[in-house]
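Beneath this line is the structure, given in structure tokens, with notes to follow.
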Amino acid sequence: NAGVTQTPKFRILKIGQSMTLQCAQDMNHNYMYWYRQDPGMGLKLIYYSVGAGITDKGEVPNGYNVSRSTTEDFPLRLELAAPSQTSVYFCASSYALTSGEQETQYFGPGTRLLVL
Amino acid sequence: GENVEQHPSTLSVQEGDSAVIKCTYSDSASNYFPWYKQELGKRPQLIIDIRSNVGEKKDQRIAVTLNKTAKHFSLHITETQPEDSAVYFCVGGRGYGQNFVFGPGTRLSVLP
């Protein structure tokens, strides 16, 4: 298993440009997450999904959009890049029972984004 | 929603000494408390976790304790080694999504 994969590893964007950060997992996990981590800080939840076709906002969703058309993929879209979106973005996945009991989140290697 | 606090923010110990990191949480319904280690430039990786029906769990040099009444949990690392140097995050959570909240992190430095 590859686990959680993310592309690209690094990207420089100009202000106002758009891009999609890709995330895929091959562990048949139902839950997927997007976090951002600013330098020297903790992780903040952007969006999450409990299954294909279902997404919900996290703590810092403004400026981002997501979709979940398949169990495996959970892309994050930045429509109008701003310097404040300079960060490292981590995708994660986990399996949770229908009762909602949380299981371990496994993280991808991250995408480093610089907006100039 | 859940709020997780973590102390200290930085911790330096001599190689071979023990390190303790403490976290508190606010949501009494939280029932899952993992700890992640993040090395510089790498992804967070799970090192140990504990559920609310257990008071203590140990895995070699790492142990975690949970006090549900006081709503705090701690990470204990014994016989620290230079490779233990990293940022450690505690997490309080239940269910999924916004109920899974990371603490701000503790930067541990193990000095040779």
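Here is the naming used below: chain letters follow the sequence lines, and residue numbers restart at 1 for every chain.
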Under 4.5 Å to a heavy atom of chain B? For A:F90 that would be side chain

Validation row, ring centre B:Y25 to ring centre B:F33 under 6.0 Å: yes

Whether A:Y33 and A:Y31 hold their rings parallel, tilted or perpendicular, with breakpoints at 30° and 60°: perpendicular

Identify the residue among A:T86, A:L78, A:V88, A:I12 that makes a side-chain contact (heavy atoms from CB on, under 4.5 Å) with A:L113. A:L78

When only pairs under 4.5 Å are counted, which of A:A92, A:G42, A:G108, A:G40 shares the most heavy-atom pairs with chain B? A:G108

Does any heavy atom of chain A fall under 4.5 Å from the side chain of B:P44, the backbone, both, or neither of them? both

In terms of heavy-atom contacts, does CD of B:Q60 have more than 12 from other residues, nucleotides or ligands at under 6.0 Å? no

Using a 4.5 angstrom heavy-atom cutoff, name the option from B:Q45, B:K42, B:Q38, B:R107 with the most pairs to chain A. B:Q38

